[in-house]
Amino acid sequence: MGKCKFNENWLDNPVFAPWLVPVKDVHEARCKLCKKYFKLGTMGVKAVESHMQSAKHKSVDKTTSISHFCSAPACTSAAPSQCKMESDLTEMKIGFIGAGNMAFGIAQGILMSGKVNRENVKVSAPSSNNLGRFQCKMESDLTEMKIGFIGAGNMAFGIAQGILMSGKVNPENVKVSAPSSNNLGRFQELGVAVTHSNSEVVTGSRLVFMAVKPHLVPTVLCEIAPFVTQQHVIVSVAAGITLATLEGLLPPDSVVMRLMPNLPCMVQEGALLFSRGSRARPEDGSLLRGLLTPCGLVEEGPETWIDAHTGLSGSGVAFVYLFAEALAEGGVKMGMPSALAHRIAAQTVLGAGRLLRDSGKHPAQLRSDVCTPGGTTIFGLHELERGGLRATTMGAVEAATERARELGKK
Ligand SMILES: NC(=O)C1=CN([C@@H]2O[C@H](COP(=O)(O)OP(=O)(O)OC[C@H]3O[C@@H](n4cnc5c(N)ncnc54)[C@H](O)[C@@H]3O)[C@@H](O)[C@H]2O)C=CC1
Ligand SMILES: O=C(O)[C@@H]1CCC=N1
């Protein structure tokens with residue numbers, strides 16, 4: 001999916017106009033009230049709406065709370081004063097005749113305001129074709145959804161932090177389980193509930209992330225199976241563990257998905273790929289995507305890609321860290337203070353990554369842009385080629401992918 005650009009028309013929206021500012025990078029925008037840049041990612045205007053719904057923004061933008069109702073695309077021409085005439089939105093019954101894109105856009109906008117009660121909205125259409133997304137979207141109002149994590153390790157924390165930073169998920173609706181209290185403190189600091197009981201997480205959640213080490217997944221699935229119903233969505237992040245294994249150990253008709261995230265979800269710059277199990281509907285995929293979008297790039301693909309993504313990106317993060325460490329140590333070897341060299345290496349990796357992603361250029365093109373003929377870079381690149389960096393890196397992705405496949409067979 002392409003990355004969204006800033007649309008000048010958004011500035012005509014009276015709800016956005018008081019705070020939204022375009023910036024040099026067309027894939028970003030700035031909130032002048034929060035003094036914060038935020039990415040448009042693949043969400044476009046939804047990212048703008050999402051920022052507007054964040055706790056931080058709401059805390060500084062008290063004056064526009066009523067006009068948030070107008071944030072749906074179809075409401076952009078309505079003035080805030082018109083909206084204020086509707087004094088009791090929570091009680092109002094709202095109907096849509098027709099379930100097309102415009103109805104969906106308006107419904108989504110008014111529900112995101114949090115001021116309209118989902119139960120008070122009804123949609124009619126002659127066929128059920130378009131109705132699923134209304135049901136899914138209404139049901140999935142993320143602020144209401146109960147989310148569980150089984151396993152309180154690094155990856156569970158990364159995802160929890162990513163989704164909570166969006167402000168869309170209420171920390172009170174999140175619960176995490178682990179057998180010991182060792183890792184639970186940092187979750188409590190996020191405001192989420194903790195327990196030692198996996199079954200308590202399942203019974204109290206609609207969507208459950210299975211985030212234990214792969215070899216523990218079968219044991220934990222058998223433990224929770226009696227509590228899993230068709231209303232649950234079980235999302236495993238365990239490397240290698242296949243959808244067939246997950247479905248085979250849970251009750252028939254369980255809705256299961258397989259997700260491979262990576263650690264930068266923690267800073268909302270993850271790269272995530274998921275696959276739906278045989279009983280997971282497209283709406284379940286949309287639900288997961290909607291939930292995880294604040295964690296970074298979220299893609300859906302066939303299950304055969306998940307192990308490759310594990311090698312390329314799940315593990316790939318560690319390969320990049322190794323390279324960053326080596327860059328810094330090169331600087332130290334050449335006489336630079338260690339702390340400074342590591343700060344510069346981190347910034348170099350970050351800057352190179354952002355330019356690669358945001359320019360859309362092939363890495364070979366950017367590499368060529370850095371190389372002055374007869375200059376420093378080509379001498380350095382020659383050394384890397386001599387050392388087989390490219391082949392070694394491809395081999396690392398292959399080895400990690402094969403290991404994921406192997407884990408899945410156990
Ligand atoms: N760390 C990473 O960068 C990534 C990890 N993953 C996957 O995420 C999963 C978790 O990995 P990490 O978070 O790195 O591991 P971790 O070792 O940091 O966390 C595992 C957690 O599971 C808990 N646990 C152990 N037995 C349990 C049980 N019976 N019931 C409930 N919780 C139990 C542990 O107490 C710990 O909190 C693995 O399956 C891994 O393949 C996927 C992508 C990236
Ligand atoms: O090393 C592992 O097995 C996990 C999966 C991908 C990243 N960490």
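Just follow the structure's listing: the first ligand is 1, and inside any ligand the first atom is 1.
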query = Can you pull the residues with any heavy atom under 4.0 Å from ligand 2?
reply = A239, T310, G314, S315

inquiry  = Regarding R403 and D307, does a basic nitrogen lie under 4.0 Å from an acidic carboxylate oxygen?
reply    = no

For ligand 1, what N or O to protein N or O distances fall under 3.5 Å?
{"residue": "ligand 1", "atom": "13 (O)", "partner": "N154", "partner atom": "N", "Å": "3.0"}
{"residue": "ligand 1", "atom": "13 (O)", "partner": "M155", "partner atom": "N", "Å": "2.8"}
{"residue": "ligand 1", "atom": "15 (O)", "partner": "K213", "partner atom": "NZ", "Å": "3.2"}
{"residue": "ligand 1", "atom": "18 (O)", "partner": "N154", "partner atom": "N", "Å": "3.0"}
{"residue": "ligand 1", "atom": "30 (N)", "partner": "N198", "partner atom": "ND2", "Å": "3.0"}
{"residue": "ligand 1", "atom": "37 (O)", "partner": "A152", "partner atom": "N", "Å": "3.0"}
{"residue": "ligand 1", "atom": "37 (O)", "partner": "G153", "partner atom": "N", "Å": "3.2"}
{"residue": "ligand 1", "atom": "37 (O)", "partner": "N183", "partner atom": "ND2", "Å": "3.2"}
{"residue": "ligand 1", "atom": "39 (O)", "partner": "V212", "partner atom": "O", "Å": "2.6"}
{"residue": "ligand 1", "atom": "41 (O)", "partner": "A239", "partner atom": "N", "Å": "3.0"}

request  = May I ask you to decide whether K361 forms a salt bridge with D369, counting only side-chain N to carboxylate O separations under 4.0 Å?
outcome  = yes

query = Under the side chain to side chain donor-acceptor pair (under 3.5 Å) rule, what pairs show up with a residue in residues 242-251, not counting sequence neighbours?
reply = T242-T245, E247-S278

salt_bridge(R354, E28) N-O dist < 4.0 Å = yes

ask   = Do other residues, nucleotides or ligands put more than 12 heavy atoms under 6.0 Å from the CD atom of Q188?
value = yes

query = Salt bridge between K409 and E406, side-chain N to carboxylate O under 4.0 Å?
reply = no

query = Is the shortest side-chain N to carboxylate O distance from E269 to R357 below 4.0 Å?
reply = yes

inquiry  = Whether the T229 and H232 side chains hold a donor-acceptor pair (N or O, under 3.5 Å, no angle test) is what I'd like checked.
reply    = yes

key: Residue pairs involving residues 308-336 (criterion side chain to side chain donor-acceptor pair (under 3.5 Å); sequence neighbours excluded)   = N262-S313

